[in-house]
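Let me begin by presenting the structure, written as structure tokens, before commenting on it.
Everything numeric here is computed off the predicted structure, so don't read it as measured data.
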Amino acid sequence: MSTLLEIKSEEEWTKHVENTPPTTLQIISFYAPWAAPCKQMRTVLETLASSYPVTEPLSTSWVSMNAEDVMDTSDAFNVTAVPYLVLTRNKQVIETVSGSDAAKVRAAIEKHAKAPEGGASTNTSAPAVNGGAEAKNLSIYTPTANDPATAPEFTAETKESKEALEKRLATLVKAAPVMLFMKGTPSAPQCGFSRQLVALLRENSVKYGFFNILADDDVRQGLKVWADWPTFPQLWVDGELIGGLDIVKEEMANDPDFLKAYSVAKSSGGPAVPSQQATTAA
């Protein structure tokens, strides 16, 4: 059976792509270790992968990558939320799925892997024909003792509890020494204040992580209450809230060395320092 391969670096990903036949359906999962929905998605993908045998030539390839460890690859696939699934064939993106909806993920994979949509038999040991390869029809499949654990996370995403959200927020604000909670991403800000704050950080060569609050309404609403700060963008340093654009401007005007400890030297060419993506949020 197929398994979910963990890719830990850009080099590993490049080598994997080079060694994968162009006809192979690549199932690529981007995640962040602190995001609870990503754990659910991993369970879903491990279960789905186990239903597809390893064939020659390879019909499907299943990989998982921490979006923060492979920033170039994440940017190349326009990852702006996790969990984020990308399906490719012959180095071309054919479909993407954002979020942890197991039904959508399964439907997308089965469609492009040409898995059957139904079957006459409910015998879990009887595989369905999959374009020359064999795969279980998960719509009628009952997990066995040999399969990865699936319940209760397999089917539906549950509402995050207040305690779980606050724990996630506490982790998020410390995901990088300097964390920017903004509307959009540094390459595509979705409001003028976020755009100005990104520019200010880049002008001062500050290395920072960011979180796109438009991609996760729980974080967007929860952080307002938890931080007692009703607007965005928000800049956090070492887990402490600094404030929004006006306050950051004021701090930098009053103290030329503000955030200097978090800056890196500009190259001779002098462009902006790339940001570290702490989340591309779910």
Side-chain angles (χ1 to χ4, degrees), residues 2-22 24-46 48-49 58 60-100 105 108-109 112 168 171-172 174-182 184-189 198 201-202 206-216 219 262 264 267 271-282:
S2 298
T3 57
L4 192 61
L5 173 67
E6 185 71 19
I7 299 289
K8 298 182 180 180
S9 68
E10 304 283 0
E11 293 75 18
E12 285 185 24
W13 169 243
T14 299
K15 184 177 180 180
H16 176 77
V17 172
E18 291 174 349
N19 294 332
T20 302
T24 301
L25 175 67
Q26 289 260 33
I27 298 103
I28 309 160
S29 174
F30 291 92
Y31 72 93
W34 43 260
C38 292
K39 296 179 181 178
Q40 172 185 336
M41 181 51 55
R42 186 174 189 89
T43 299
V44 171
L45 291 173
E46 286 177 343
L48 287 168
L58 198 63
T60 60
S61 171
W62 306 70
V63 300
S64 177
M65 292 187 277
N66 182 341
E68 298 169 1
D69 290 342
V70 287
M71 288 297 299
D72 290 343
T73 303
S74 297
D75 288 342
F77 284 112
N78 297 315
V79 177
T80 58
V82 289
Y84 191 74
L85 190 75
V86 180
L87 303 183
T88 71
R89 183 176 276 119
N90 196 19
K91 299 182 181 179
Q92 299 296 316
V93 175
I94 54 180
E95 188 164 348
T96 62
V97 181
S98 180
S100 56
V105 167
I109 293 172
H112 295 291
R168 184 155 70 103
T171 300
L172 277 175
K174 297 178 181 178
V178 178
M179 274 296 297
L180 175 61
F181 292 82
M182 62 179 293
T185 65
S187 60
V198 166
L201 294 173
R202 286 177 172 169
V206 177
K207 186 175 182 180
Y208 63 99
F210 73 91
F211 190 102
N212 177 10
I213 54 100
L214 297 180
D216 190 326
V219 171
Y262 308 97
V264 295
S267 64
V273 176
S275 64
Q276 174 189 0
Q277 184 177 5
T279 170
T280 45

So which atom in [X] and which in [Y] form the shortest heavy-atom distance, rounded to 0.1 Å?
X: Val70; Y: Ser9; answer: CG1-C, 3.7 Å
X: Leu45; Y: Leu4; answer: CB-CD2, 4.2 Å
X: Gln26; Y: Ser61; answer: OE1-OG, 3.2 Å
X: Leu85; Y: Leu87; answer: CD2-CD2, 4.1 Å
X: Gly209; Y: Ala176; answer: N-CB, 3.8 Å
X: Val97; Y: Ala108; answer: CG2-CB, 4.0 Å

Under 4.5 Å between any side-chain heavy atoms of [X] and [Y], yes or no?
X: Phe181; Y: Leu172; value: yes
X: Ile28; Y: Trp13; value: yes
X: Leu201; Y: Phe210; value: no

Enter the distance from [X]:[atom1] to [Y]:[atom2] here, rounded to the nearest 0.5 Å.
X: Asp72; Y: Thr14; atom1: CG; atom2: OG1; result: 9.0 Å
X: Thr20; Y: Leu58; atom1: OG1; atom2: CG; result: 7.0 Å
X: Thr88; Y: Glu95; atom1: OG1; atom2: CD; result: 12.5 Å
X: Thr43; Y: Leu48; atom1: OG1; atom2: CG; result: 11.0 Å
X: His112; Y: Ile94; atom1: NE2; atom2: CD1; result: 4.5 Å
X: Met182; Y: Phe211; atom1: CE; atom2: CZ; result: 12.5 Å

All ring pair (Phe, Tyr, Trp, His ring centres under 6.0 Å) counterparts of Tyr262, not counting sequence neighbours: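 Scan of Tyr262 (ring pair (Phe, Tyr, Trp, His ring centres under 6.0 Å), adjacent residues dropped) gives none.
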Residue list, salt bridge (charged side-chain N to carboxylate O under 4.0 Å, His left out) with Glu12, at least two apart or on another chain: none
Under the rule for side chain to side chain contact (heavy atoms under 4.5 Å, CB included), what residues qualify as partners of [X], not counting sequence neighbours?
X: Ser187; value: Thr185
X: Glu6; value: Lys8, Tyr31, Arg42, Ser64
X: Leu5; value: Ile7, His16, Val63
X: Thr96; value: Tyr84, Val86, Val93

Within the distance-only criterion (no hydrogens, no angle test), does the side chain of [X] pair as donor or acceptor with the backbone N or O of [Y] below 3.5 angstrom?
X: Ser74; Y: Val79; result: no
X: Glu10; Y: Met71; result: yes
X: Asn66; Y: Ala32; result: no

